[in-house]
Number of protein chains: 2
Amino acid sequence: MTSTMGARERRRHEVTAALLAAARRELARTGAAGLSVRAVARDMGMAPSALFRYISGRDELLTLLIVDAYDDLGGHVEDIERTVPRADLRGRWRAIATSFRGWSVAHPHEYALLYGSPVPEYKAPAERTNPSGTRVTNLLAALGMEDPIAPPRAAIPHMPDADELKALAVAADVPRMDGERLVSGLLAWTALVGAVSSELFEQLGEPVARLDTLFDATVALGEWLLFGEPQEESAGSPA
Amino acid sequence: MTSTMGARERRRHEVTAALLAAARRELARTGAAGLSVRAVARDMGMAPSALFRYISGRDELLTLLIVDAYDDLGGHVEDIERTVPRADLRGRWRAIATSFRGWSVAHPHEYALLYGSPVPEYKAPAERTNPSGTRVTNLLAALGMEDPIAPPRAAIPHMPDADELKALAVAADVPRMDGERLVSGLLAWTALVGAVSSELFEQLGEPVARLDTLFDATVALGEWLLFGEPQEESAGSPA
DNA sequence: CCCAAGTGCGAACAGTGTTCTTGAATTCCT
DNA sequence: AGGAATTCAAGAACACTGTTCGCACTTGGG
């Protein structure tokens with residue numbers, strides 16, 4: 001970062017970067033639970049004990065990988081979401097959802113690390129993972145903040161009443177959003193995570209080709225949850 | 001099983017049962033990734049090598065635990081679902097969803113084993129896990145087969161059209177169910193899994209008290225997906 | 001120039017899954 | 001009943017893991 005950097009310091013940055021790169025390779029190969037410090041050391045041609053000059057242990061390596069994966073995912077989704085015109089709220093949602101799924105199927109082990117079972121004996125430090133971990137949900141929140149549209153969805157019977165939703169809203173740290181909008185966003189989000197998890201973790205016995213249309217249905221459901229019935233606009237083919 | 005069982009055979013059954021019990025304890029304590037054959041052996045006062053007379057290795061131990069957990073969960077949900085009158089389809093769905101969540105929060109490590117990230121280097125043999133793993137989804141499928149109600153849900157815009165849903169239906173091995181019903185059930189199911197996973201794996205920063213109302217919303221969404229608007233019946237308090 | 005800091009390495013410890021051998025206990029057969 | 005065959009539990013061993021420690025060595029700053 002600083003332009004004046006001693007050779008020593010620069011080398012340290014290089015080694016740190018190589019370490020993280022090797023760890024990423026190892027994670028993509030064997031997954032989080034099978035991640036081995038010694039394998040990382042082998043991959044970069046160093047003794048295992050040498051790595052402990054750069055990381056405090058396996059836990060910090062996991063933390064590094066988590067924020068790295070969160071940032072990779074967040075950047076990917078942000079890049080694609082930025083593509084669609086700001087006024088097209090439904091398109092922005094679809095871009096978020098599909099790019100989220102796209103990154104996930106391309107990086108299944110990273111997805112499992114972020115949204116799958118937590119690694120036992122390890123608790124991610126929230127102060128380090130939070131900024132990167134909320135990037136994609138922040139996109140969703142920004143979508144929910146947009147004023148013009150977003151009709152509330154009272155069409156669903158047996159929904160928790162307005163008071164409870166209000167309590168949900170104040171509990172969350174999104175004070176400017178009312179309960180109906182917040183619960184819509186949360187439902188769309190958890191449905192999205194559930195669809196991707198079910199697909200990647202292979203809880204569905206169906207052939208893969210049909211998973212696409214099932215995911216399309218999930219996206220449509222989320223869109224309806226967020227924005228309701230479309231209001232008399234162009235009805236082109238949504239492909 | 002057979003009434004005439006030699007002492008040797010009986011002892012083998014006892015040891016096998018004790019082994020599975022110890023493995024369950026260990027799983028509940030440390031989770032699947034932290035499960036240790038040696039710890040199980042210690043717990044039952046045996047040498048680690050002795051266990052290999054009863055299991056072929058760590059993988060079979062995992063398989064045993066998986067079908068055991070699936071059966072425990074399936075039995076729990078079935079028992080509660082049986083409670084509500086058969087004609088009350090919406091109540092049956094709600095019973096399935098809430099009991100599914102109830103078991104999951106009571107057995108987080110088992111839930112992670114079943115619906116979380118798959119253990120690396122391990123692939124569950126479908127012929128052994130399938131019968132137990134489909135018990136709760138079978139309950140859902142039975143709900144979808146019921147004739148009287150179940151209006152299709154074309155209200156959601158941008159849904160995949162009928163042809164694609166038909167293809168989804170014939171791809172699944174549920175031939176008697178049409179595409180609309182099948183996709184409704186699948187959406188309700190993946191949304192349910194997503195809600196429970198997000199809650200248990202702590203992807204939501206909200207306080208725990210509000211998770212209840214968020215889950216209520218998920219249940220309501222699933223109910224609407226499966227059965228649509230209620231048709232002029234008793235409007236008692238749904239608590 | 002020289003000393004202190006930073007760096008890499010090898011050995012070592014405790015733990016893991018798994019295999020093999022060895023010896024004892026039990027069952028089976030005649 | 002006695003000998004043979006099978007089953008069982010245990011111990012030692014191997015290859016692997018995360019981690020610590022002490023020892024050498026390079027390097028940068030006063």
Side-chain angles (χ1 to χ4, degrees), chain A residues 2-20 22-23 25-27 29-66 109 113 119-124, chain B residues 2-20 22-23 25-27 29-66 113 118-124:
Chain A
T2 63
S3 58
T4 63
M5 190 158 45
R8 200 115 220 199
E9 193 175 356
R10 178 168 53 244
R11 165 126 183 89
R12 173 162 254 276
H13 272 75
E14 289 174 7
V15 175
T16 304
L19 198 162
L20 200 141
R25 276 193 299 273
E26 199 64 17
L27 172 63
R29 220 171 46 81
T30 65
L35 189 136
S36 152
V37 173
R38 292 184 112 104
V40 174
R42 270 193 301 270
D43 194 45
M44 46 195 291
M46 287 180 65
S49 54
L51 296 197
F52 286 75
R53 303 261 178 214
Y54 300 89
I55 53 171
S56 69
R58 190 171 175 275
D59 285 9
E60 184 173 343
L61 189 58
L62 274 182
T63 304
L64 245 52
L65 285 171
I66 287 176
H109 285 136
L113 179 61
V119 180
E121 312 283 0
Y122 168 75
K123 203 71 212 71
Chain B
T2 63
S3 58
T4 62
M5 189 156 48
R8 195 112 224 195
E9 193 173 355
R10 178 169 52 243
R11 166 130 182 87
R12 175 164 252 276
H13 272 75
E14 287 175 8
V15 173
T16 303
L19 198 163
L20 200 141
R25 275 193 299 272
E26 199 64 17
L27 172 64
R29 220 171 46 83
T30 65
L35 189 136
S36 153
V37 172
R38 292 183 113 103
V40 173
R42 270 193 301 270
D43 194 44
M44 46 195 293
M46 286 180 65
S49 55
L51 295 197
F52 285 75
R53 302 260 163 200
Y54 301 91
I55 54 171
S56 69
R58 188 171 177 275
D59 285 9
E60 185 174 342
L61 188 58
L62 274 181
T63 303
L64 245 53
L65 285 171
I66 287 177
L113 179 61
V119 180
E121 312 284 359
Y122 168 75
K123 203 72 211 71

Q: Which nucleotide wins on minimum distance to the side chain of Phe52(A), given the candidates dT16(C), dT20(D), dT18(C)?
A: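 Side chain of Phe52(A) sits closest to dT20(D).
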Q: Can you list everything that forms a side chain to side chain contact (heavy atoms under 4.5 Å, CB included) with Ala41(A)? Sequence neighbours excluded, please.
A: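 With neighbours one apart ignored, the set is Pro48(A), Leu51(A).
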Q: Nearest-Å distance, CZ (Arg58(A)) to P (dT16(C))?
A: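 Computing the Arg58(A):CZ to dT16(C):P distance gives 15 Å.
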Q: Assign Leu35(B) to base, sugar-phosphate, or nothing according to its heavy-atom contacts below 4.0 angstrom with the strands shown.
A: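 Leu35(B): backbone/sugar contact only, no base atoms under 4.0 Å.
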Q: Can you list every side chain to side chain donor-acceptor pair (under 3.5 Å) pair that touches residues 48-59 of chain A, not counting sequence neighbours?
A: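 Every pair satisfying side chain to side chain donor-acceptor pair (under 3.5 Å) with a residue in residues 48-59 of chain A: Ser56(A)-Glu60(A).
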Q: Tell me, please, which residues at least two apart from Arg11(A) pass side chain to side chain contact (heavy atoms under 4.5 Å, CB included).
A: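 Residues passing side chain to side chain contact (heavy atoms under 4.5 Å, CB included) with Arg11(A): Glu14(A), Val15(A).
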Q: Atom CD of Glu60(B) and atom P of dT18(C): how far apart are they, to the nearest Å?
A: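 Value for this atom pair: 11 Å.
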Q: Nearest whole Å is fine: how far is dT16(C) P from Leu62(B) CG?
A: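 Atom CG in Leu62(B) sits about 16 Å away from atom P in dT16(C).
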Q: Would you say a side-chain N or O of Ser36(A) is under 4.0 Å from OP1 or OP2 of dG18(D)?
A: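 True: Ser36(A) side-chain N/O within range (under 4.0 Å) of dG18(D) OP1/OP2.
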Q: Does Ala22(B) have any side chain to side chain contact (heavy atoms under 4.5 Å, CB included) partners at least two apart in sequence or in another chain, and if so, which?
A: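 Applying side chain to side chain contact (heavy atoms under 4.5 Å, CB included) to Ala22(B) gives Arg25(B), Val40(B), Asp43(B), Met44(B).
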Q: Kindly write out the residues that satisfy side chain to side chain contact (heavy atoms under 4.5 Å, CB included) with Leu20(B), not counting sequence neighbours, or none if the list is empty.
A: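 Result, side chain to side chain contact (heavy atoms under 4.5 Å, CB included) vs Leu20(B): Arg24(B), Leu64(B), Asp68(B).
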Q: Please tabulate the protein-to-nucleotide N/O contacts below 3.5 Å involving nucleotides 8-12 of chain D, giving atom names and distances.
A:
unit_1  : atom_1 : unit_2   : atom_2 : d
dC8(D)  : OP1    : Arg12(B) : NE     : 3.1
dC8(D)  : OP2    : Arg12(B) : NH2    : 3.3
dA9(D)  : OP1    : Arg11(B) : NH2    : 3.3
dA9(D)  : OP1    : Tyr54(B) : OH     : 3.4
dA9(D)  : OP2    : Tyr54(B) : OH     : 2.6
dA9(D)  : N6     : Arg53(B) : NH2    : 2.9
dA10(D) : OP2    : Ala47(B) : N      : 2.9
dA10(D) : N7     : Ser49(B) : OG     : 3.2
dG11(D) : N7     : Ser49(B) : OG     : 3.3
dG11(D) : O6     : Ser49(B) : OG     : 2.7

Q: Between dT27(D) atom P and Arg10(A) atom CZ, what is the distance in whole Å?
A: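 One finds 13 Å between P of dT27(D) and CZ of Arg10(A), rounded.
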Q: Starting at atom CD of Glu26(A), determine the distance to atom P of dT17(D), rounded to an integer number of angstrom.
A: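 Distance, rounded to whole Å: 9 Å.
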Q: In whole Å, what is the span from the CG atom of Leu61(B) to the P atom of dG17(C)?
A: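 It works out to 9 Å between those atoms.
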Q: Once you round it to whole Å, what is the distance between P of dG18(D) and CG of Asp59(A)?
A: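 Taking atom P of dG18(D) as the reference, CG of Asp59(A) is at 11 Å.
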Q: Given Leu35(B), which partner from the list Val119(B), Leu113(B), Leu65(B) fulfils the side-chain contact (heavy atoms from CB on, under 4.5 Å) test?
A: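 Result: among Val119(B), Leu113(B), Leu65(B), Leu65(B) is the only option passing the side-chain contact (heavy atoms from CB on, under 4.5 Å) with Leu35(B).
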